[in-house]
Amino acid sequence: MSIRFPVCAAASLFIVFSGSLLAQQQEGALELQRLQAALSVINAEIRANLDQVMALQEAIKANSRTPLEAQGRSPDAVSFDDVAAAQRRAIENDAAINARLDAILARSAALEAEKQPLLERIRELLQVPQASPR
């Protein structure tokens, strides 16, 4: 009877601790899934921002092309005022595009900063505890 009690107690403790360990593993797996989902959303936003940046860069290139009128190569007669107005519009467009580009780049930087703690936590969850040498 005296041997059965410690064996039963040890078996009971083993079952309790293994159940606790299993619950911790499941919680870790769920947390990992939530972190990966959040990271996926952030990465999608960053990719969308990159697409917008590329489109804005193309708009900047298109806006910087000097129209034929300003080059004096237009087949039609063009007044100086029309050319000056077109140049002012191009400058205004360029400023608006650059402001939008700055806003997108700031948002991308904020997303990258938001992403770092998620990546660190994922690394923590994925670390395998090293077994002690025997």
Legend entry - Those residues that, when tested against E114, pass side-chain hydrogen bond (donor to acceptor under 3.5 Å, both in side chains) (two or more places apart): none
Inset, instruction - Could I get the full list of side-chain contact (heavy atoms from CB on, under 4.5 Å) partners for R121, not counting sequence neighbours? - result: E31, L35, E124, L125
Legend entry - Residues forming a side-chain hydrogen bond (donor to acceptor under 3.5 Å, both in side chains) with D51, sequence neighbours excluded: none
Inset, instruction - Evaluate salt bridge (Lys or Arg N to Asp or Glu O under 4.0 Å) for K61 paired with E58, printing each intermediate quantity in order. - result: CA-CA 5 Å; K61 285 180 189 176; E58 287 300 317; 3.6 Å; yes
Legend entry - Atom pair CD1/CE of I104 and M54 - distance to nearest 0.5 Å: 12.5 Å
Legend entry - Verdict with reasoning, L101 to I60, per side-chain contact (heavy atoms from CB on, under 4.5 Å): CA-CA 10 Å; L101 187 59; I60 288 171; 4.1 Å; yes
Legend entry - side-chain hydrogen bond (donor to acceptor under 3.5 Å, both in side chains) partners for R100, two or more places apart: Q52
Legend entry - Hydrophobic cluster membership, L39 vs L126, 4.5 Å side-chain cutoff: yes
Legend entry - Rounded distance (nearest 0.5 Å) linking atom CG of L50 with atom CZ of R47: 10.0 Å
Inset, instruction - May I ask you to say whether R123 pairs ionically with E120, meaning some side-chain N is under 4.0 Å from a carboxylate O? - result: no
Inset, instruction - Quick one: list whatever passes side-chain contact (heavy atoms from CB on, under 4.5 Å) with E45, sequence neighbours left out. - result: V41, R107, L111
Inset, instruction - Say whether I122 and I46 are linked into one hydrophobic cluster, either directly or through other cluster members, by side-chain heavy-atom distances under 4.5 angstrom. - result: yes
Legend entry - Qualifying residues under side-chain contact (heavy atoms from CB on, under 4.5 Å), relative to N93, sequence neighbours excluded: N63
Legend entry - With L56, the side-chain contact (heavy atoms from CB on, under 4.5 Å) member among I97, L105, N98: I97
Legend entry - Same cluster (ILVMFWY, side-chain, under 4.5 Å), L32 and I42: yes
